[in-house]
Amino acid sequence: MSEDAPDRQARWNNCYARSDPQQAPPLPLLKAQAALLPAQGKALDLACGRGANALFLARRGLETWAWDYADPAIAAVQQAAEGLPLHAQCRDVLAQPPEPDSFDVIVVAHFLHRPLFPILAQAIKAHGLLFYETWAGPYAGRGPQNPDFRLRPGELKHAFPALQLLMLEEDADRSAGVWRAPARPVTLT
């Protein structure tokens, strides 16, 4: 039986209220590939948690949105974002995913909902970037135990067929990749 939205939100609010409030660092993949980031544009940290990736993007000058389900997580992002071009919002990303062609950069970390894959690919503007990293393989003491929330070996490589894969890293319990959106076809009216 799947959780309904209020139960999911209560679970995540409780998780962030009980966890260490220290800001985690941004994804190593995002930092390592930062040279790919545009000098300006719109970025989204989807299911942002306490917003380490959103803060990294905003500090680089991107107008950044940080969306998460948990009120305590968003409150932490808002507090850390003072003076930055960062808009933190409590948002159910399953019910309200990003619109097509809405972001130059999207970062997803430690979150997996496979039906969002094609929506994320469409949400990236032409030549935009998608950074995706999450848990993979069988549970080995870290991350979610439920296999529905862990990628299968090799699965991430094929998750975004409409995008150009720039790099992929996989190890025993993590998969990470960077994709670029193609140029959009010109339509004459």
Side-chain angles (χ1 to χ4, degrees), residues 1-31 37 41-100 102-124 128-136 139 141-151 173-176:
M1 187 167 124
S2 67
E3 276 181 312
D4 64 11
D7 290 342
R8 279 194 317 265
Q9 186 169 25
R11 181 170 53 90
W12 284 110
N13 282 343
N14 187 41
C15 175
Y16 280 105
R18 290 180 303 141
S19 68
D20 182 357
Q22 292 296 332
Q23 186 64 252
L27 286 177
L29 173 70
L30 181 59
K31 287 176 66 176
L37 293 171
K42 293 173 58 176
L44 170 64
D45 185 358
L46 183 102
C48 66
R50 288 200 172 85
N53 298 312
L55 291 163
F56 179 81
L57 294 165
R59 288 179 182 128
R60 292 189 58 89
L62 295 167
E63 187 173 5
T64 304
W65 279 258
W67 296 346
D68 199 282
Y69 213 36
D71 294 313
I74 291 301
V77 176
Q78 289 170 333
Q79 183 177 9
E82 189 174 331
L84 292 172
L86 200 155
H87 316 278
Q89 181 182 12
C90 191
R91 182 173 173 142
D92 180 349
V93 299
L94 304 183
Q96 294 179 286
E99 295 291 323
S102 53
F103 292 99
D104 298 290
V105 177
I106 296 178
V107 177
V108 182
H110 312 145
F111 177 78
L112 177 61
H113 185 70
R114 290 170 179 90
L116 281 179
F117 288 171
I119 294 168
L120 292 174
Q122 291 176 357
I124 298 286
L129 297 167
L130 172 64
F131 292 81
Y132 201 108
E133 181 175 325
T134 197
W135 303 103
Y139 177 74
R142 294 184 341 141
Q145 294 182 26
N146 184 337
D148 291 342
F149 301 116
R150 301 182 76 90
L151 291 167
D173 68 351
R174 307 286 292 158
S175 284

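Model, not experiment: these values are computed from the prediction.
- The distance from atom CG of L151 to atom CD of E133, rounded to the nearest 0.5 Å, is 10.5 Å.
- More than 12 heavy atoms of other residues, nucleotides or ligands lie within 6.0 Å of CD in Q96, so this atom counts as buried by the packing criterion.
- Of the inter-residue distances, the one linking L130 atom CG with F117 atom CZ reads 9.5 Å to the nearest 0.5 angstrom.
- The minimum heavy-atom distance between V77 and G49, with the atom names listed, is CG2-O, 3.6 Å.
- Taken from CH2 in W65 to CG in L86, the straight-line distance is 9.5 Å, to the nearest 0.5 Å.
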task: Start with the C-alpha distance between L57 and L30, add both sets of side-chain angles, then the distance that settles side chain to side chain contact (heavy atoms under 4.5 Å, CB included), and finish with yes or no.
output: CA-CA 9 Å; L57 294 165; L30 181 59; 4.3 Å; yes

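- Between W135 and F149, the shortest heavy-atom distance links the atoms CB-O, 4.3 Å.
- With sequence neighbours left out, the salt bridge (charged side-chain N to carboxylate O under 4.0 Å, His left out) criterion links R114 to E155.
- I74 and Q89 make their closest contact through CD1-O, 3.3 Å (heavy atoms, listed as atom of the first residue, atom of the second, distance).
- Closest non-hydrogen pair, I119 versus P98, comes out as CG2-O, 3.8 Å.
- R150 and A136 get closest at one heavy-atom pair: NH2-O, 3.2 Å.
- A side-chain donor-acceptor contact under 3.5 Å links N53 to the backbone of L27.
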query: Is there a side chain to side chain contact (heavy atoms under 4.5 Å, CB included) between L46 and F111 once you walk through the steps?
result: CA-CA 8 Å; L46 183 102; F111 177 78; 4.1 Å; yes

task: Please report the C-alpha distance between F103 and T64 in whole Å, then the side-chain angles of each, then the deciding distance to 0.1 Å, and finally whether the side chain to side chain contact (heavy atoms under 4.5 Å, CB included) criterion is met.
output: CA-CA 9 Å; F103 292 99; T64 304; over 6 Å; no

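- For the pair Y132/L120, a side-chain contact is recorded, criterion being any heavy-atom separation below 4.5 Å from C-beta on.
- Checked by atom type and distance alone, the side chain of D68 pairs as donor or acceptor with a backbone atom of C48 at under 3.5 Å.
- Scanning both residues, P115 and P118, for their nearest heavy atoms gives O-CD, 3.5 Å.
- Residues satisfying the side-chain hydrogen bond (donor to acceptor under 3.5 Å, both in side chains) criterion with E63, sequence neighbours excluded, are H87.
- In this structure, D104 contributes its side chain and G128 its backbone to no donor-acceptor pair below 3.5 Å.
- Between the side chain of Y139 and the backbone N or O of D173 there is no donor-acceptor pair closer than 3.5 Å.
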message: Before you tell me yes or no, could you show the steps for F131 and L37 under side chain to side chain contact (heavy atoms under 4.5 Å, CB included), namely the whole-Å CA-CA distance, both residues' side-chain angles and the distance that decides it to 0.1 Å?
response: CA-CA 10 Å; F131 292 81; L37 293 171; 3.8 Å; yes

